[in-house]
Amino acid sequence: MAMGVQNTIPALKLTSKEKPNYVEMDIHETKDHQFVVMHDENLEELAGINKAPYQLTLKQLTKITVRENGHHAKIASFDNYLKTANKLHQKLLVEIKVTPHDSKNMTKLFVDRYEKTLLKHHDRIHTLSYPVVTQLKQLAPKLFVSFILPYNLTFPETKANAYTMEATTLDSSFIANADKHKQEVYAWTVDDTDQMDQMNVYGRQCHHY
C-alpha cells in the first residue's frame, strides 16, 4: 500500500505509524542555499515541471504540489520535515543528494544548521558522495554517517560509520571486513519503483527500516 507521495510530510506521518526504526528520505540544496526534501534531480515526474531543485528557491519549491500513486502533497522544506519527525519521535536516515551545482560550503551549511538536532534525535545520514562523507566526519565527528556504495567492488577504507548498498551486491567478505573495522552495513531491497523499500543493518547490529 502506497504511503502517499514519497518524501512528503503526509507520507512521513503515515509511515511513522508503522513504527519503523528509521524513515529514509532525501534532501537537495536549493538555489538560495536552503534544503528541500526531494529524491529526484528534476521535478518533471512528480510535478510536471522541468526544473531541478537547485534552480528554484525554497519558497518557490514549497509552493509546488507533487503527485504519485493517486496522492498529492506540497514539497517540504527539510526544516519542516525534520520538525515533524521530531514531534513524532521518528528517527530519520537522511540521504544528502549531491549535484555539481551545490555551493562549495554546502556540507558546512548543513552541519551548522542541523548537527545539534540530528544528534539530539539520533538521526543518521548517508550519501553517495565520498567528499561529503569526509567533510561530515571532519566537521561533525559525532554524526553517524554511512557511505552509499553503488557496487561492491572492494572494501573501502573510510571514516564512515557504515556502508549502504543494495542487498544483492553484498557478500560475507564485505560484512566481515565491516565488522572488523567496527562499521555497520545497511542493505536495502529494491521494489518495483526502484526505491529503498526495506533495509537491514548487518554486522554489529541488525534491524529493519
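Computed from heavy atoms alone, side chains included, the values below leave out hydrogens, waters and symmetry copies.
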Asker: Quick one: are Val23 and Ser16 in side-chain contact, heavy atoms under 4.5 Å?
Answerer: no

Asker: Within a reach of under 6.0 Å around NE2 of His181, are more than 12 heavy atoms found that belong to other residues, nucleotides or ligands?
Answerer: yes

Asker: Among Leu61, Thr57, Leu56, which residue meets the side chain to side chain contact (heavy atoms under 4.5 Å, CB included) test with Lys59?
Answerer: Thr57

Asker: Hydrogens and angles aside, do Asp32 and Thr30 bring a side-chain donor and acceptor to less than 3.5 Å of each other?
Answerer: yes

Asker: Is there a side-chain contact between Leu14 and Pro10 (heavy atoms, below 4.5 Å)?
Answerer: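 The answer is no; the side chains never approach within 4.5 Å.
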
Asker: Would you say Leu109 and Val133 are hydrophobically clustered, going by side-chain heavy atoms of ILVMFWY under 4.5 Å?
Answerer: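 Yes, because Leu109 and Val133 connect within a single hydrophobic cluster, where side-chain heavy atoms sit under 4.5 Å apart.
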
Asker: Less than 4.5 Å apart, any side-chain heavy atom of Ser129 and any of Ile96?
Answerer: no

Asker: Please determine whether residues Val98 and Leu118 belong to a single hydrophobic cluster, defined as Ile, Leu, Val, Met, Phe, Trp and Tyr linked transitively by side-chain heavy-atom distances below 4.5 Å.
Answerer: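 Yes; tracing contacts between hydrophobic side chains, which count when under 4.5 Å, links both residues.
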
Asker: Taking the side chain as every heavy atom from C-beta outward, state whether Asn7 and Val66 have any pair of such atoms under 4.5 Å apart.
Answerer: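 The answer is no; the side chains never approach within 4.5 Å.
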
Asker: Quick one: do Met38 and Tyr114 end up in the same hydrophobic cluster if we chain Ile, Leu, Val, Met, Phe, Trp and Tyr together by side-chain heavy atoms under 4.5 Å apart?
Answerer: no

Asker: Could you tell me whether a side-chain N or O of Asn86 sits under 3.5 Å from a main-chain N or O of Lys83, the two making a donor and an acceptor?
Answerer: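 No, the answer is negative, given that no donor and acceptor are paired below the 3.5 Å cut-off.
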
Asker: Can you tell me if Ser77 and Thr62 form a side-chain donor-acceptor pair at under 3.5 Å?
Answerer: no

Asker: Please answer whether the main-chain N or O of Leu43 pairs with a side-chain N or O of Asp40 as donor and acceptor at a distance below 3.5 Å.
Answerer: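 Not a single qualifying donor-acceptor pair exists.
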
Asker: Rounded to the nearest 0.5 Å, how far does CD of Glu44 lie from NZ of Lys51?
Answerer: 12.0 Å

Asker: Taking atom types as modelled, is there a side-chain donor on Asp123 or Tyr22 under 3.5 Å from an acceptor on the other?
Answerer: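 Checked: Asp123/Tyr22 side chains show no N/O donor-acceptor pair below 3.5 Å.
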
Asker: Val36 and Met106: same hydrophobic cluster, using ILVMFWY side-chain contacts below 4.5 Å?
Answerer: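 Val36 does not cluster with Met106.
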
Asker: Side chains of Ser103 and Glu29 only: does a donor on one sit below 3.5 Å from an acceptor on the other?
Answerer: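 Result is yes, a qualifying pair exists.
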
Asker: Flag the pair Gln6 / Glu68 as yes when at least one side-chain heavy-atom distance between them is below 4.5 Å, and no otherwise.
Answerer: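 In short, these two side chains touch, coming nearer than 4.5 Å.
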
Asker: Taking atom NZ as the centre, does Lys91 end up with more than 12 heavy-atom neighbours from other residues, nucleotides or ligands that are less than 6.0 angstrom away?
Answerer: yes

Asker: Does Val185 share a hydrophobic cluster with Phe147, counting links as ILVMFWY side-chain heavy atoms below 4.5 Å and allowing steps through other members?
Answerer: yes

Asker: State, yes or no, whether a side-chain contact exists between Leu143 and Leu119 at a heavy-atom distance under 4.5 Å.
Answerer: yes

Asker: Do Asn161 side-chain atoms and Val145 backbone N/O form a donor-acceptor pair below 3.5 Å?
Answerer: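 Yes, the answer is positive, given that a donor and an acceptor are paired below the 3.5 Å cut-off.
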
Asker: Given side chains that start at C-beta, do those of Thr15 and Leu12 come closer than 4.5 Å, heavy atoms only?
Answerer: no

Asker: Looking at every non-hydrogen atom in both residues, tell me the closest pair between Phe35 and Leu58 and how far apart they are.
Answerer: O-CD1, 3.7 Å

Asker: Aromatic rings His126 and Tyr186: how do their planes relate, parallel, tilted or perpendicular, breaks at 30° and 60°?
Answerer: tilted

Asker: Taking the side chain as everything from C-beta on, heavy atoms only, tell me whether Phe110 gets closer than 4.5 Å to Val132.
Answerer: no

Asker: Could you state the interatomic distance from CD1 (Ile27) to CD (Gln34), rounded to the nearest 0.5 Å?
Answerer: 11.5 Å

Asker: CD of Glu41 to NE2 of His101: how many Å apart, nearest 0.5 Å?
Answerer: 8.5 Å

Asker: So for atom CD, which belongs to Glu45, do other residues, nucleotides or ligands contribute more than 12 heavy atoms lying within a distance under 6.0 Å?
Answerer: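 Atom CD in Glu45 is not packed in, count stays at 12 or less.
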
Asker: Around atom NZ of Lys137, are there more than 12 heavy atoms of other residues, nucleotides or ligands at under 6.0 Å?
Answerer: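 Counting other residues, nucleotides and ligands, NZ of Lys137 exceeds 12 neighbours.
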
Asker: Just verifying a value: how many Å separate His72 NE2 and Thr65 OG1, rounded to the nearest 0.5 Å?
Answerer: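 Rounded to the nearest 0.5 Å, the NE2-OG1 separation comes out at 6.5 Å.
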
Asker: Testing Glu95, Glu24, Glu184 for salt bridge (charged side-chain N to carboxylate O under 4.0 Å, His left out) with Arg124, which one passes?
Answerer: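 Testing Arg124 for a salt bridge (charged side-chain N to carboxylate O under 4.0 Å, His left out) against Glu95, Glu24, Glu184 leaves exactly one candidate, Glu184.
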
Asker: Under the 3.5 angstrom rule, does the side chain of Lys74 hit a backbone N or O of Thr8 as a donor-acceptor pair?
Answerer: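 It does not hold such a pair.
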
Asker: Just verifying a value: how many Å separate Tyr130 OH and Gln135 CD, rounded to the nearest 0.5 Å?
Answerer: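 So the OH of Tyr130 and the CD of Gln135 are separated by 11.0 Å.
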
Asker: Do any N or O atoms from the side chain of Asn69 and from the backbone of His71 form a donor-acceptor pair under 3.5 angstrom?
Answerer: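 The answer is no, because no donor-acceptor pair under 3.5 Å joins these two groups.
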
Asker: Begin from the C-alpha positions of Phe78 and Arg113 and carry the test side chain to side chain contact (heavy atoms under 4.5 Å, CB included) through to its verdict.
Answerer: CA-CA 11 Å; Phe78 184 47; Arg113 291 175 191 167; over 6 Å; no

Asker: Backbone N or O of Tyr163 within a donor-acceptor pair of the Gln183 side chain at under 3.5 Å?
Answerer: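 The answer is no, because no donor-acceptor pair under 3.5 Å joins these two groups.
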
Asker: How long is the gap from CG on Leu93 to CG on Asn21, to the nearest 0.5 Å?
Answerer: 11.0 Å

Asker: Between the side chain of Thr164 and the main-chain N/O of Ile148, is any donor-acceptor distance below 3.5 Å?
Answerer: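 Not confirmed, Thr164 side chain does not pair with Ile148 backbone.
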
